[in-house]
Amino acid sequence: MRTVKIELANKIASTLQETPENCAMLMEYPPNPELGDLALPCFKFAKKLRKNPQQIAHDIAQLLKSATCLESVTVENGYVNMKIRHSVIWNKVFEISSTHIANLFTRQRFLGKRVAIDYSSPNIAKPFGVGHLRSTIIGEALLRMLKEDGFEGIGINHLGDWGTQFGKVIAAYQKWGSEDKVKENPIRELFQLYVRFHQEAEQNPHLEEEARYCFKKLEDGDEETIRLWQWFIKESLTGFEKTYRLLGVHFDHYLGESFYNDKMEAVVEELQDKHLLVESDGAFVVDLSEWNMPPCIIRKSDGTTIYATRDLAAALYRHDKLHADYLLYVVGSEQTLHFQQVFKVLDLMGRDWSSNCVHVAFGLMKFNGEKLSTRRGHVVYLEDVLEKAIQEARSIIESKNPNLSNPDEVARQVGVGAVIFNDLKTYRIHDVDFRYEDVLNFDGETGPYVQYTHARACSVLRKALTTISQEEMNSSVSVPDVALQSFTLTPSEWSLLKQIAQANEFFERAVDQYDPSVIARFALLVSHAFNRFYHDDPILTAPHSIRQRRLDLVRLTKHVLAHTLHLLAIEAPEAM
RNA sequence: GCGUCCGUAGCUUAGUGGAUAGAGCGCUGGCCUCCGGAGCCAGAGGUCGGGGGUUCGAAUCCCUCCGGACGCGCCA
């Protein structure tokens, strides 16, 4: 669709005294398909050309009459409305997708560039709640999308394995913990200790002091403290990895905060050499008042470091050692100020690539309208959510498709897909109120709906194999040129094809906005167009030539949906 | 108090300068002697938070007020 726009734009650009790119960008899809397939509003040009829009539209329409890719051109209320020849889009789409379906989506705009994405990054010894789902899922989808657009992508799990919070867990364990209990159920038991610490600290403020002391011992290399710390990490990681496997998430590096312990001194020194550090109440900070931000604390008054220092060291590592040109951080929007500060400090340190650092923020996860507070033990375990979704999928399969050969595998794919899609389908900045009734509903704009559509397409293709001879199956793949003139699709076929032809535009918008929900919406639009086509037009019982064409369309849709789901880290079962 | 973000149907939302503001859930009513009914079609439901401004044109841009979320030096 993009190439058609450009082709048309080239014809009219000089008359409109605009660049072809601008003309192409101004072309839009009419709200009502009766009006046409593409439209150009001419109001913008009125001032510059000193003509009324209606007149300009007529002039443009005249120019476009000669365009071979158009079926008709009409003028209405200052709009030029164009109908495109079905065969033109058909042949383009099938030609572009013939080598690989991905070519319909990407032009590989970022070949030779490398991006590092920081995502998921849970805290050790804390449960993996639904709140972590957002970062994990958005990050994974983003990584897949950017790789597809030509980037070499590095996925980094910046584990929270350091910091004062760790002192709390260690202090709590030494006070109330038992080795046996932890061994029995590591993540939940360690979490209990963390919650109890916060409860008791409300009565006993000096506990906070003890926690800071424990963390100090950790930083100073105390043997027993380190032993406990490593043990906690080991146990927690095992738990996390189980969830990542279920979600189909993979990281190139697990680089926890502790990884940067020996890399922070260099940062402090550099800041000092560049006269960026000032002392304030015993702490060392970078003053950012000139940019209307509070100071960025680099070293606390007790001498220990803080997360800003670690994030600086991590950024330098990712750029200098991993050679990433772009650094993305998929982290909640509550940390917006923090990242603004860190990026500004990088800038002040003379790192011009700080402008390629992006905080991909997302909204808060709530549960039934209430804020989730890890400290108070108010947590919804992601494991539990996935388990419930899988069970729901399993019971639906039981009632709708009891003869399915691999019901457990499909239940897992569909249940997990429902949870992922539910999270990805809305704009990432919005807060999400997590409700089981929404997640466990598999009707309407959901992951299972897209998966179902894909399975349906697969089913038709399977059936075609058994009912149609091999020779006929292999005969026509696209429309023969001789048929070009008379080649007209039904309204349902045409709107499906047009929707698929917009893959590139949706994909690039999703990448440019770092927003997987754009892809999710595209999947829904294609699914809906396909289901309508499936309902309106018979496929297997149609006459030969038409049947071939419809099977081509089914095959195309199947691949488009499977690929779209893949970009969202959702599996596409062939039957469900 | 200051800063950032958000406010669209009962609920969840799309549309961020163009035609009559699109969907889904829920509700009501249709559609399988026919390729999968996790589907398709139709109906009811909207002061696009309020007001002002810019523009040929505003849900979209600017100002202001209201409501909400988050943040504002030693947590991450």
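Everything quoted here is computed from the prediction, not taken from an experiment. Naming: A, B, ... by sequence-line order, numbering from 1 per chain.
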- To the nearest angstrom, the CZ-P distance between A:R456 and B:A38 comes to 8 Å
- Message: In this structure, how many angstroms lie between the C1' atom of B:C75 and the CZ atom of A:F197, rounded?
- Response: 12 Å
- Message: With a 4.0 Å cut-off on N to O distance, would you call A:D515 and A:R509 a salt bridge?
- Response: no
- Task: Using the P atom as the reference point in each nucleotide, state the distance between B:G50 and B:G26 in Å, no decimals.
- Result: 29 Å
- Query: For A:Y452, what residues pass the ring pair (Phe, Tyr, Trp, His ring centres under 6.0 Å) criterion, not counting sequence neighbours?
  - Reply: none
- Message: Counting the atoms with a prime plus P, OP1 and OP2 as sugar-phosphate, which does A:L337 contact under 4.0 Å by heavy atoms, base, sugar-phosphate, or nothing?
- Response: sugar-phosphate
- Item | Interatomic distance at C1', B:C35 relative to B:A23, whole Å | 27 Å
- Query: Of all the nucleotides listed (B:A38, B:G36, B:G7), which has the minimum atom distance to the side chain of A:I396?
  - Reply: B:A38
- Pair A:E398 + A:R394, salt bridge at N-O below 4.0 Å: yes
- Side chain of A:A575 (C-beta onward), nearest among B:C40, B:G36, B:C11: B:G36
- Whole-Å P distance, B:A44 and B:U4: 43 Å
- Would you jot down, in residue-number order, the residues of residues 278-292 of chain A having a non-hydrogen atom under 4.0 Å from RNA chain B? A:S280, A:D281, A:A283, A:V285
Sort me out a list of protein N/O and nucleotides 66-69 of chain B N/O pairs below 3.5 Å, or just none if empty.
| unit_1 | atom_1 | unit_2 | atom_2 | d |
| --- | --- | --- | --- | --- |
| B:A69 | O2' | A:D431 | OD2 | 3.3 |

- Note on the structure: Winner on side-chain proximity to A:H430, out of B:C6, B:C70, B:G37, is B:C6
- Note on the structure: Per-nt protein contacts along nucleotides 19-29 of chain B (heavy atom under 4.0 Å; B base, S backbone sugar-phosphate only, - none) come out as B---BSS----
Give me the distances for all protein-to-nucleotides 53-56 of chain B N/O pairs that come in under 3.5 Å?
none

- Message: Using a 3.5 Å limit for the pairing distances, which stems of at least 3 consecutive Watson-Crick or G-U wobble pairs does RNA chain B take part in?
- Response: B:1-7 with B:66-72, B:10-13 with B:22-25, B:27-31 with B:39-43, B:49-53 with B:61-65
- Task: Run the salt-bridge test on A:E265 and A:R299 with the 4.0 Å N-O cut-off and return the result as yes or no.
- Result: yes
- Can you check ring pair (Phe, Tyr, Trp, His ring centres under 6.0 Å) on A:W162 and A:Y307, steps first, answer last? CA-CA 9 Å; A:W162 203 250; A:Y307 62 110; over 10 Å; no
- Message: I need the A:H359 NE2 to A:L328 CG distance, nearest 0.5 Å.
- Response: 10.0 Å
- Message: Using a 6.0 Å distance limit plus a 45 degree cone around the ring axis, check whether A:K366 lies over the aromatic ring of A:F434.
- Response: no
- Item | Atom pair distance, as rounded to whole Å: CZ in A:R428 and C1' in B:C70 | 15 Å
- Note on the structure: Applying salt bridge (Lys or Arg N to Asp or Glu O under 4.0 Å) to A:E21 and not counting sequence neighbours gives none
- Could you tell me whether the side chain of A:Y307 has a donor or acceptor atom within less than 3.5 Å of a complementary atom in the base of B:A76? yes
- Item | Separation of the C1' atoms in B:C27 and B:C32, to the nearest angstrom | 24 Å
- Those residues that, when tested against A:K217, pass salt bridge (Lys or Arg N to Asp or Glu O under 4.0 Å) (two or more places apart): none
- Side chain of A:P448 (C-beta onward), nearest among B:C70, B:G39, B:A38: B:A38
- Query: B:C40 phosphate, OP1 or OP2: any side-chain N/O from A:Y449 under 4.0 angstrom?
  - Reply: yes
- Message: Distance check, P atoms only: B:G7 and B:G45, in whole angstrom units.
- Response: 25 Å
- Message: Taking side-chain hydrogen bond (donor to acceptor under 3.5 Å, both in side chains) as the definition, give me every residue that meets it alongside A:S459, ordered by chain and number, with sequence neighbours left out.
- Response: none
- Item | Side-chain ion pair, A:K5 and A:E505, N-O less than 4.0 Å | yes
- Could you tell me which residues satisfy side-chain contact (heavy atoms from CB on, under 4.5 Å) with A:E571, sequence neighbours excluded, listed by chain and number? A:R412, A:Q413
- Which value, in whole Å, describes the distance between the C1' atoms of nucleotides B:U8 and B:G22? 11 Å
- Are A:F259 and A:Y317 close enough that their ring centers fall under 6.0 Å? yes
- Task: List in chain and number order the residues that pass side-chain contact (heavy atoms from CB on, under 4.5 Å) with A:F43, two or more places apart in sequence or in another chain; answer none if no residue qualifies.
- Result: A:P41, A:P53, A:Y79
- Message: Taking A:D37 first and then A:K498, would you say they form a salt bridge - that is, a charged N and a carboxylate O separated by under 4.0 Å?
- Response: yes
- Which value, in whole Å, describes the distance between the C1' atoms of nucleotides B:C34 and B:U60? 47 Å
- Query: If we ignore angles and hydrogens, is there a donor and acceptor under 3.5 Å between the side chains of A:H132 and A:N123?
  - Reply: no
- Query: Salt-bridged, A:E445 to A:K425, with N to O below 4.0 Å?
  - Reply: no
- Note on the structure: The salt bridge (Lys or Arg N to Asp or Glu O under 4.0 Å) partners of A:K263 (sequence neighbours excluded) come to none
- For A:A46, which contact category applies under a 4.0 Å heavy-atom criterion: base, sugar-phosphate, or nothing? nothing
- According to a strict under-4.0 Å criterion, is A:R509 in side-chain N/O contact with OP1 or OP2 of B:G15? yes
- Taking only side-chain nitrogens and oxygens of A:Y427, does any of them come within less than 4.0 Å of OP1 or OP2 of B:U13? no
- Message: What's the gap between B:C70 and B:C75 when it is taken at their C1' atoms, as a whole Å value?
- Response: 16 Å
- A:H359 side chain near B:C5 phosphate (N/O to OP1/OP2, under 4.0 Å): no
- Side-chain N,O (A:R532) to OP1/OP2 (B:C41) below 4.0 Å: yes
- Message: Between C1' on B:U12 and CG on A:L440, what's the gap in Å once rounded to a whole number?
- Response: 15 Å
- Item | Atom pair distance, as rounded to whole Å: CD1 in A:I429 and P in B:U8 | 16 Å
